[in-house]
Participant: 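Quick one: this structure, given as structure tokens, is what I'll be asking you about.
Letters A, B, ... mirror the listed sequences (proteins, then strands); counts begin at 1.
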2 protein chains.
Amino acid sequence: MVTIADVARHAGVAPSTVSYVLTGRRSISSATKARVEASVRALGYHPHAGARSLASNRANVLALVLPMREGMHMPVLMQFVVAVANAARRHDHDVLLVTADQGAAGLRRVAGSAQVDGLLVMDVEMHDERVPVLRELDRPSVLIGFPADAAGLTCVDLDFAEAGSRCVDHLADLGHTYVALVGAPRAVYQRDTGFAHRTMAGFSAAAMRRGVSSTTLPTEPDHESVRVAITGLLERHPAVTGLVVHNEAALPSVVEVLRSLGRKVPDDVAVIAICPDDQAERLMPPLTSVAVPAEQLGHHAVALLMAKLDRTPTPPLTLLPPRLTERASTTR
Amino acid sequence: MVTIADVARHAGVAPSTVSYVLTGRRSISSATKARVEASVRALGYHPHAGARSLASNRANVLALVLPMREGMHMPVLMQFVVAVANAARRHDHDVLLVTADQGAAGLRRVAGSAQVDGLLVMDVEMHDERVPVLRELDRPSVLIGFPADAAGLTCVDLDFAEAGSRCVDHLADLGHTYVALVGAPRAVYQRDTGFAHRTMAGFSAAAMRRGVSSTTLPTEPDHESVRVAITGLLERHPAVTGLVVHNEAALPSVVEVLRSLGRKVPDDVAVIAICPDDQAERLMPPLTSVAVPAEQLGHHAVALLMAKLDRTPTPPLTLLPPRLTERASTTR
DNA sequence: GCCCGGATTCGAAGCGCTTCGACATGTCAG
DNA sequence: CTGACATGTCGAAGCGCTTCGAATCCGGGC
């Protein structure tokens, strides 16, 4: 193994000088710097991560706590994971995976062992057992989603309330007077997940504000459940002409069921989805949608965490503004 | 921070004794062991990962190299990632994410800096630039998928050739005489990805063997492309009565297009999918399928890597046998 | 009563890096 | 010409852990 001493010898300088060239924590003359850098390349030197973390008290690794629960939509999640990994690399950090089923103990372990400098926690629930743990941990953290009590924490999320609200506004602007929210699976609401709850709240509030009638229903993702749910919905609320779908997995089935019931999109029923753009574009007809900006969220979360590591003050709560893209499933 | 010296003092023993209790590398009397363990709990001690890795030359971290390419199916990938993370934890290891776009340099970096003890590489292509790098690295690795030249490497994968073949056999057993493979997006074949290639080879070979006519076509996942592809397929090959679909993303559209063309499944056209079970079950009708055992693959890959870390001999090539589950989309 | 061997435990030497204070230079104002 | 002050570099200490050889203790056989 090539060590910093080997590089120092090769370049004819002291080990500490090599360290300063690599970390940039002291100014080094450009001549020396060039010589050291050449030696680093010549020897194929990689600093030993463990030694570095021991001496500097920084691991240059972030923990990413993965959710793994019913009703989560994998493509969005994966997009987010990759975005986080890439963003972290841009800040010279790596990402360590922690699965949610390790619970609070997992957080304590990776933080306590100094394996990570900070934590990114996904899919935070309103009342999440991990939240108090994060507060007492000596490492900074950023939550994606936010709990009921977010005091002292840094949280990022899409503004789901605004997303729900924008969907209703768009439909109301088009003249619809009765709209329905086709939501996430029941389990998601039962565990009191913030994002689903907030979409619903935004949806309902906007309906009130705009004076349009509204109804909401949870939806399981399998085709048969969707068929039953949508059929039932249209029977019980025959005047519904606008659907807001916040359930990526059920989306293809919703469109398909409408077609099989003879309801033309957008002529008989308008549909807006809250889902990634590529999925909305892929369906027939392409759906008007509010994008879930997984990539942007990932970048933002990492940026906030890096700021906290630098002890830069950060806003406690960041809500990304939703972006609505009109496509063929709603028309003027 | 609580150190091993603190624990030693608290328990009234030497630091080395604490270390031996924790690592189990020397026998310690049960009385002492109990005392040390109590102190560990009392103080909430977590060994410093960096110090440990520096002293022992083991990081207890595995690298997982994520693919991120066109045509990959996220749910399967995510399932795999989680399976790997869980399996690694069961062996007392963590998982560090490396995105594929870091290429060979990323592998060199995490291995060279002793950040990881071994590497798991997903989505290996037939001629993959990372393969020679893995060979020269001083850390063991396990590939998921396998390259053209797998000499000196350890690879695991589903036996996709056998999967393709089983599908044809199943259809042939049901009396079908003309079958089609609806494959992955063109890009997947263009970059010469092993698994897609091998499914196709198994499919075609079985068709020859069973004396049934066959055809194959790549498929983009968007609805419109699927419509065009399937419509064209059935026009050009009107005698086709059996479809094997190896494209998770296109699957819902395939079923839907068949319906819209008035071809009843399974009466007019039988369909077998190569996809995760839960997806096959979710569609209408539930599809006969060959499962992609992401979880099993993940576990197996980790087990092999751990074996290599222990210097236990491992088989160079493991092919998991495909499992075909009959559902409503094919009938006797 | 003493020596021996096995079972435990201890002490100290690093692992490779960062960082702090000190030491050379060189520069510039008085 | 000298003192004050940057600027660039060095040496050594020490981060918290593992591991090796050595020390200690104990019981049993002689």
Participant: Got a donor-acceptor contact below 3.5 angstrom from the A:Asp92 side chain to the A:Asn60 backbone?
Facilitator: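 Between the backbone of A:Asn60 and the side chain of A:Asp92 there is no qualifying donor-acceptor contact (under 3.5 Å).
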
Participant: For a 4.0 angstrom threshold against heavy atoms of chain B, report the outermost contacting nucleotides of DNA chain D in 5' to 3' order.
Facilitator: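 Endpoints of the contacted stretch of DNA chain D: D:dG16 to D:dA22.
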
Participant: Restricting to non-hydrogen atoms, name the atom on A:Val76 and the atom on A:Ala294 that form the minimum distance, rounded to 0.1 Å.
Facilitator: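 Closest approach of A:Val76 to A:Ala294: O-CB, 3.7 Å.
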
Participant: Calculate, to the nearest 0.5 Å, the distance between atoms CZ and CG belonging to A:Arg52 and B:Leu54 respectively.
Facilitator: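 One finds 13.0 Å between CZ of A:Arg52 and CG of B:Leu54.
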
Participant: Side chains of B:Asp101 and B:Thr99: donor-acceptor distance under 3.5 Å anywhere?
Facilitator: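 Yes, side-chain donor-acceptor contact under 3.5 Å.
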
Participant: Might you point out which heavy atoms bring A:Gly298 and A:Val84 nearest each other, and give the distance in Å?
Facilitator: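 Between these two residues, the closest heavy atoms are CA-CG2, 3.8 Å.
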
Participant: Between B:Ser16 and B:Gly50, which is nearer to the 5' end of DNA chain D once each is assigned its nearest nucleotide?
Facilitator: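 Closer to the 5' end of DNA chain D: B:Gly50.
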
Participant: For A:His48 and for B:Ser30, locate the closest nucleotide of DNA chain C by heavy-atom distance; then report the residue assigned to the nucleotide nearer the 5' terminus.
Facilitator: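 Comparing both residues, the 5'-ward one is B:Ser30.
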
Participant: With distance as the sole test, does A:Arg139 use its side chain to make a donor-acceptor pair with the main-chain N or O of A:Val110 at under 3.5 Å?
Facilitator: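 Such a contact is absent between A:Arg139 side chain and A:Val110 backbone.
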
Participant: Under 4.0 Å between any heavy atoms, over every strand shown, what does A:Ser19 touch: base, sugar-phosphate, or nothing? Just pick one.
Facilitator: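 Touches a base.
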
Participant: With sugar-phosphate meaning primed atoms plus P, OP1 and OP2, does A:Ser53 contact a base, only sugar-phosphate, or nothing at under 4.0 Å between heavy atoms?
Facilitator: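 Here A:Ser53 touches no strand at all.
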
Participant: Closest nucleotide of DNA chain C for A:Thr17 versus for B:Arg26: which of these residues is on the 5' side?
Facilitator: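 Counting from the 5' end, the first nearest nucleotide belongs to B:Arg26.
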
